[in-house]
There are 2 protein chains.
Amino acid sequence: MGAPLNDRSQNILEAIVEDYIRTAEPIGSRAITKRHAFDLSPATVRNVMADLEEMGFLVSPHTSAGRIPTEKGYQYYVESLLQVNDLPAEFRNSLEEGSRFDGKSMENVMQEVGNLLSGISRYTGLVMAPRFNSTVFRQIEFVRLSKGRLLVIFVSESGLVQNKVIEPGIDFSHRDLETITNYLNHRLPGMTIAQVRERIAVELREEQSRLNKLQKQALELSDQALQGDVAEQVYVAGTSHMLEQPEFTSPDSMMKIMRTLESKQQLIDLLDCSQTARGVQIFIGSQSAHSEIEGCSLIAAPFSGNKGAVGTLGVIGPIRMNYSQVIPIVDFTASLVSRILDRES
Amino acid sequence: MGAPLNDRSQNILEAIVEDYIRTAEPIGSRAITKRHAFDLSPATVRNVMADLEEMGFLVSPHTSAGRIPTEKGYQYYVESLLQVNDLPAEFRNSLEEGSRFDGKSMENVMQEVGNLLSGISRYTGLVMAPRFNSTVFRQIEFVRLSKGRLLVIFVSESGLVQNKVIEPGIDFSHRDLETITNYLNHRLPGMTIAQVRERIAVELREEQSRLNKLQKQALELSDQALQGDVAEQVYVAGTSHMLEQPEFTSPDSMMKIMRTLESKQQLIDLLDCSQTARGVQIFIGSQSAHSEIEGCSLIAAPFSGNKGAVGTLGVIGPIRMNYSQVIPIVDFTASLVSRILDRES
DNA sequence: ATTAGCACTCACTTGCGTTGAGTGCTAAAG
DNA sequence: CTTTAGCACTCAACGCAAGTGAGTGCTAAT
C-alpha cells in the first residue's frame, strides 16, 4: 500500500485531516482553497478529493457534504504526513511539577500522572501500573491482624506496594512471623515475583528434608501469599473529556464510551498491546484490536525502571484526535515516569 | 410543616411518587385512577392533585401534562409514606459472597463493595474508606529505597495500608531503621494517627534531654512520615448507570453529572456529612448541601470497625430514585463492611 | 362531597417547502 | 493533458403550519 500519492494529493490530504481534526466538520473543496494557499481552484481540489476517496483515504457522509478522513486516511496521515510538535515548555513544567513524589505513594503518583495526561491533552488519560508479578521483589512484611488472619505486604524494587489478607491454616506467633520475615527478606530480594514463586516451589519439592519446620512454614506461607495474580491497576482520568468530543454527543454513544472506560479489563487488554513495544505506539480506530472502542484512537507508551518493572500509559481520544500534540505528551510522560521509577533504586 | 394531609391525599401522593419513580413520566389523574383501585373519578383526583400542588408537593411541567413530585414531595414521601422493602435474599447473598476478603487487600474490598452497590442498585455506588488519620495505628515499616529516600508503610488496626515516599535529611542505615521501627512499633500502637502525631510533638518538645540520638531521630522521622493529611480514598462504581437515567439524557446534563462524579473532592464533601451520623441517611436533591449535584439524591450510611475506623458508603442516583429498594441495600452493606472491619481485630 | 361534561392548553409529531453547502460532470481555456 | 469555470443536481438542516392527544380547570348536575 506504499505511497502512490503525489505531493499535491498529500498536501490536500494533510490539509483535510488537520482541518477536520480542528473543526470536526466535513471539509469541502472551497474551504480547502480558502484556508490554505494552494494555488488551485476548488474544482481541481474536487478532482483530487475524488481520487483520494476512490483510494479509500476519504469518505463523504452524504452527497452534499464535504469529505472526512477514513481510518486509512488517518493512518496515512500519522505515518507519512504528520510532523510532531515539540512539547511546549509549560506542559513540560506542569508535568515535572506534578509528578514530584515526595510524600506520595507510588499509587498516588500514577493517579496524578493520569490526571496530568488528561488535563494537558484534554482527552482521557490512562496509566497502567507495572504488573506486580513482573516486578522485582524487595521486601515482604507480615502483620498479624487476628487469630489466623495475616496481612501480607510486598514491596517491589521500584517502590510499589501491594498488600493482601490471607488465612493460612496455622496461627503464627509474633516471634515466628519475625523469623519468617527475616528468612524471606534475606533470600528473596532481586528476583521477580514470578521467579520467587518458582523458586519456592522448587525448594519445597526438592529440599524438603534439609529444611527445618519454620523454614518450611515460611516457604508455604509465602507461597500462599504470592498465590493468585494481583489484578492490574489501571488509573483512568478525565473521562468526561470524552463526552466533550462532538463525535460522542449522542446519548447512546456517550453511554457506550463511558461503559468502556469503566471496564478496567478492556483497558488493560488495550494497554497490554503496547507493553512490550518500545516508544510511543499509535492505535487508530479499529487498529486498537478486537476492542469495543469504536471511534477511538489510543496513543500509548511503555515506561520502565531499570529494574524491569514495566507499565504503560497513554491517552485515549476520538480518532479525530490531535496527534501532533498528544504524541509528545505521551512520549515525555513515559520517560518521566521511567525516570521516577529509576530514581528509586 | 406537620402533616396536614388526610389519608386520601397521602395515598394519592404516594401513588404519584411511586408511579413517577417507575415511569419517569408526569402522572395524570386518569393514570392514577386506572392503575390504583381508589374508588375515585379522575375529577376528584384532579382536585386533590391541585391541592397537593398548592401545598408544594407536586408541580406540572406545563399545563397539559401530568404532575411530578417536587423535592418537598419526595421528602414527605420518604419520611412519612415510604415503607422499606426487605432486602431480597439474592442481593444479600451476592453482597456477602462478593465481600469475601481472603486474598484481597482492604482497598480491593472497598472497590468491590462499590461495584456491588452499583451493580445491585443499578445506580452509582460510593465508598469512602476510613480517613487514615482517625484510624488506630498498628504498625509502621520503613523500606530504604535509595540513598536518602524512604518508603514508609503504615498499617491500621482495621487492616488498612497506606504508604508514602519521604526524603528525610539523613541517610539511615538498615540497622538504624530496624531499631527505629522496633522502637516505634512498641510505643505507638493503640493510638489513632492523630494522637500519635500529638504524642510525638509533645515528646520532642518536653523530653528532648532524656532521649538518645536514635530515639530522637525516630521521633523526627515518624513526625515527617505522618505529616500531611493523606487524601481520602473514594471508590466510585457504576457511573454509567447514571447516564441510563432518563433525567440525564441530554448531553449537557450527562457531562455535568460525569464531571461531578469525577471530582473526588465533591464526593468526599458529600459523604462527609453522613460520617458522624448513625444509620442510613437520605439526602434528597438540594438537601445534599451546597453541592453541585442537581437532580440527585444520596443514600448513605457510615460503617465502622470496633476500633473506631469510620468510613461512609452509599448510592447516588436521580432524585427519582427507588428509595424503598436502595435503602435496605445501603443499610445492609454498611453493616456488612463494619463486620468485615471488626473481624480484623 | 363527588362526578360528568366541556372548553382550553400546549408539547409533540408530521409533512412540506426553502435554503445552501457541496458535489460531479462537461466543455472551454491554458 | 491539466486546470478551471459553469451548471444542474443532491440532500441534510431549518423553519413553519396544521393536526393530535393527554391532561387540565371550571361549572353544573348528582
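To find a chain, count down the sequence lines: A is the first, B the second, and so on, and within it residues start at 1.
Each of Arg8(B) and Pro61(B) lies near DNA chain C, and the nucleotide nearest Arg8(B) is the one positioned closer to the 5' end. Comparing Ile27(A) and His62(B) by the nucleotide of DNA chain C whose heavy atom lies nearest to each, the residue mapping closer to the 5' end is His62(B).
Taking every side-chain heavy atom of Thr44(B) into account, dT3(C) is the closest of dT23(C), dT3(C), dG25(D). Closest to the Ser41(A) side chain, of the nucleotides dA21(C), dT9(C), dT4(D), is dT4(D).
Contact between the side-chain N/O atoms of Arg67(B) and the OP1/OP2 oxygens of dG25(D) is found at a separation under 4.0 Å. OP1 and OP2 of dA21(C) both lie 4.0 Å or more from every side-chain N or O belonging to Ser64(A). For Thr63(A) and dC9(D), the shortest distance from a side-chain N or O to OP1 or OP2 is not below 4.0 Å. Within the 4.0 Å cut-off from OP1 or OP2 of dG5(C), not a single side-chain nitrogen or oxygen of Arg46(B) is found.
Rounded to a whole Å, the CG atom of Asp51(B) is 11 Å from the P atom of dT2(C). Atom CD of Glu25(B) is separated from atom C1' of dA22(D) by 11 Å (rounded to the nearest Å). Taking atom CZ on Arg30(A) and atom P on dG20(C), their separation rounds to 14 Å, with Å as the unit. Following rounding to the nearest Å, Ile16(A) (CD1) and dG22(C) (C1') show an atom-to-atom distance of 13 Å. The CG-C1' distance, from Leu52(A) to dG22(C), rounds to 17 Å in whole Å. In this structure, CE of Met49(B) is placed 5 Å from P of dT24(D), rounded to the nearest angstrom. Rounded to an integer number of Å, the gap from CG of Leu58(A) to C1' of dG22(C) is 14 Å. Taking atom CG on Asn6(A) and atom P on dT3(D), their separation rounds to 9 Å, with Å as the unit.
Heavy-atom minimum distance, Thr249(B) versus Met254(B): O-CE, 3.9 Å.
A donor atom on one side chain and an acceptor atom on the other are found under 3.5 Å apart for Asn322(A) and Ser324(A). Between the side chains of Gln245(B) and Tyr123(B), not a single donor N or O lies within less than 3.5 Å of an accepting N or O. If you check the side chains of Asn47(B) and Thr44(B), you find no donor sitting under 3.5 Å from an acceptor.
Using a 4.0 Å heavy-atom cutoff across all strands shown, Ser60(B) reaches no nucleic acid atom at all.
No cation-pi contact links Arg8(A) to Phe38(A), judged by a cut-off of 6.0 Å to the six-membered ring centre and 45° from its axis.
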